[in-house]
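The structure appears right after this line, and notes come after that.
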Amino acid sequence: MKMTKKKNAWSTYTEEQLEELEALSGNYRAFLDAGKTERECVTEITRIAQENGYRSLDEVRKDGGRLQPGDKVYASGMEKTIALFVIGKQPLEAGMRILGAHIDSPRLDVKQDPLYEDTELAYLDTHYYGGIKKYQWVTVPLALHGVVVKKDGTRVPVCIGEDDGDPVLFVSDLLVHLAGEQLQKKASVVIEGENLDILVGSRPLSKAEKEVNKGSMGSAKSEASATVEAAEKSTDGEAKNNVEAGKNGTEASDDKKAEKEAVKQRILAILQEKYGMEEEDFLSAELEAVPAQKARDCGLDRSMIMAYGQDDRVCAYTSLAALLDTPAQEYTCCCLLVDKEEIGSVGATGMQSRFFENTVAELMDCMGQYSELALRRALSHCRMLSSDVSAAYDPLYASCFDKKNSAFFGGGLVLNKYTGSRGKGGSNDANAEYIASVRALLDKHEVLFQNAEIGKVDVGGGGTIAYIAALYGMEVIDSGVAVMNMHAPMEVTSKADVYEALRGYRAFLAEA
């Protein structure tokens, strides 16, 4: 029996729904522009949560307070991951209803010793983060986002390239006139990872600027100067002569270095003036180069959104919006937004960490419900939608897709029973019984949805956080939005699919 073809979502909407869809799209674009890194996302989500009456779980604990049904709290981990909760009527041991997504995206990370000069051009050395087609990241206007932490603990936020008056940065490419040999290479090596260095300057310091720069650099050497001064006051003539020779040698060396790397010195002078930053401060900095473009409506009909980082911030935002729209339910509702998914969900802020487990333990303690057994039961009794994106069918590359098992723009929320690659490796592979209950729920609320997998069996694949959450024994299925150009500097989604994701997530939190 042939399955009934699903409707295109656009043909089903009322005028009221179209207005809600456009309002959602505008808010979503603003969120994307405000949060181009995981840190910025957590900052923006925290701001939105507090405006909607959420309290920090740390503050609740410090006040010795108790949580009651209807209370709204959040907890963040290292300002890169965050979990938000609306406390339900049932004890946590009965489980939660969780929407889980990730807020990190592919990008270029600045290395710890990055700044160098070559033929009077200054560069920042980078290491790409996540799976990218390296050739897509050349000649694209880039912005630099992140934080510099100095040795005294002072934190300095960095954002260059987003304001209209800001300069932008870029990675160069070989001109086509000389690219005959380059164009014979495989796409994977047309651009080498070590050549993804960001061009940041070409103007050397003038002689006058060098003197000013030398003075500012001298103030940072007070400890060394004190040592020299003490030696100069010594009655030992030989020691004084050695110091004087050393001073002269150092000054000559500094002058020679400044002359040789005058462009680099200008960049350092700019960083010093703007951020109070010295070169060694790169060691404790987290700086990410991301596309400088803003999120935009896409298509002559404005039916799509083009932006950086929609994998997976499209699901993160709709999950957050759904939770904010949800009053207290029978079960506690949770929106979990994590870091490091693009590199395996590792580290203290990835899904493989104990952040979520520890946060739930603290939550139970504030409710007078904690025990190790109760915690284990709570986690195993959860139901979760792993809110992550899927590959949108692209007719220009039809040979890579199994058309009858693909996600299409306008088809609605995407359910992926399994992800993974090479025989479902790294997949959760959701239970049929759970899928049936999710199907029934979405149909009841008239949410348009579609099933899909990521491309043909032997072509490739991908993973999500679903399999990690499933380790607790909870029911999990991947569900999200179809994305075209996934992992490219600019990705594209359908506004209709974004809207259906929000509707589906609302329904899940209310009745799953």
Side-chain angles (χ1 to χ4, degrees), residues 1-29 31-32 97 99 101 295-307 310 312-326 385-395 401-417 435-453 477-484 491-512:
M1 180 177 176
K2 191 173 182 179
M3 296 179 69
T4 303
K5 184 179 178 181
K6 293 284 187 179
K7 293 180 180 179
N8 186 299
W10 289 102
S11 66
T12 69
Y13 294 145
T14 64
E15 286 299 320
E16 184 180 357
Q17 287 176 316
L18 286 171
E19 288 179 8
E20 185 181 16
L21 178 152
E22 289 298 342
L24 170 67
S25 298
N27 293 334
Y28 170 50
R29 291 195 306 272
F31 175 79
L32 288 171
R97 302 300 178 256
L99 299 173
R296 301 285 296 274
D297 277 354
C298 181
L300 296 180
D301 56 2
R302 295 181 177 269
S303 63
M304 297 167 285
I305 296 171
M306 173 177 278
Q310 297 199 74
D312 182 37
R313 293 175 190 138
V314 63
C315 295
Y317 182 75
T318 46
S319 295
L320 172 66
L323 186 71
L324 296 178
D325 290 343
T326 302
L385 295 183
S386 173
S387 309
D388 209 336
V389 297
S390 190
Y393 180 82
D394 187 340
F401 295 88
D402 174 9
K403 196 170 185 179
K404 65 182 181 299
N405 285 290
S406 292
F408 297 86
F409 274 3
L413 180 68
V414 184
L415 299 183
N416 291 91
K417 183 181 189 300
I435 299 173
S437 67
V438 172
R439 284 177 55 205
L441 174 66
L442 296 177
D443 280 342
K444 176 182 177 181
H445 288 264
E446 298 183 336
V447 176
L448 199 65
F449 70 94
Q450 53 189 321
N451 67 284
E453 57 184 48
I477 185 172
D478 283 298
S479 61
V481 176
V483 174
M484 194 175 286
E491 300 168 321
V492 180
T493 56
S494 165
K495 290 182 179 179
D497 296 336
V498 177
Y499 182 53
E500 291 303 309
L502 173 63
R503 297 182 66 237
Y505 296 159
R506 283 173 177 165
F508 176 83
L509 292 178
E511 291 191 29

- Item | Flag for S303-D301: side-chain donor and acceptor within less than 3.5 Å | yes
- Message: When you compare the side chains of Q310 and Y28, does any donor N or O come within less than 3.5 Å of an acceptor on the partner?
- Response: yes
- Query: Given the rule in the side-chain contact (heavy atoms from CB on, under 4.5 Å) test, do L385 and I477 qualify, once you have shown the distances and angles that lead to the verdict?
  - Reply: CA-CA 5 Å; L385 295 183; I477 185 172; 3.6 Å; yes
- Message: Aromatic contact between Y393 and F409, with the criterion being ring centroids under 6.0 Å apart: yes or no?
- Response: no
So do [Y] and [X] actually touch side chain to side chain, heavy atoms under 4.5 Å?
{"X": "L99", "Y": "F508", "result": "yes"}
{"X": "I435", "Y": "K417", "result": "yes"}
{"X": "C315", "Y": "V389", "result": "yes"}
{"X": "N416", "Y": "S479", "result": "no"}
{"X": "E500", "Y": "F449", "result": "no"}
{"X": "L448", "Y": "L413", "result": "no"}
{"X": "N8", "Y": "F408", "result": "no"}
{"X": "S494", "Y": "V498", "result": "no"}

Contact summary for [X] and [Y], nearest pair of heavy atoms:
{"X": "A482", "Y": "T493", "answer": "O-CG2, 3.8 Å"}
{"X": "Y505", "Y": "G480", "answer": "OH-CA, 3.5 Å"}
{"X": "F401", "Y": "A391", "answer": "CE2-CB, 4.2 Å"}
{"X": "A452", "Y": "S390", "answer": "CB-OG, 4.2 Å"}
{"X": "A322", "Y": "L502", "answer": "N-CD1, 3.6 Å"}
{"X": "D478", "Y": "S386", "answer": "OD1-OG, 2.9 Å"}

- Find the distance between CE (M304) and OG (S25) and round it off to the nearest 0.5 Å. 12.0 Å
Polar side-chain atom of [X] near backbone of [Y] as donor-acceptor pair, under 3.5 Å:
{"X": "E22", "Y": "E19", "value": "no"}
{"X": "Q450", "Y": "A407", "value": "no"}
{"X": "R97", "Y": "L509", "value": "no"}
{"X": "D497", "Y": "V481", "value": "no"}

- Query: Charged N to carboxylate O below 4.0 Å: is that the case for K444 and E511?
  - Reply: yes
- Item | Check ion pair K404-D402 (N to O, under 4.0 angstrom) | yes
- Task: In sequence, state the C-alpha distance, the side-chain angles, and the governing distance for Y317 and R29, and then conclude on side-chain contact (heavy atoms from CB on, under 4.5 Å).
- Result: CA-CA 10 Å; Y317 182 75; R29 291 195 306 272; over 6 Å; no
- Give me the one residue out of R506, K495, R503 that meets salt bridge (charged side-chain N to carboxylate O under 4.0 Å, His left out) with E20. R506
- Task: Could you please spell out the steps behind the side-chain contact (heavy atoms from CB on, under 4.5 Å) verdict for L18 and W10?
- Result: CA-CA 9 Å; L18 286 171; W10 289 102; 3.9 Å; yes
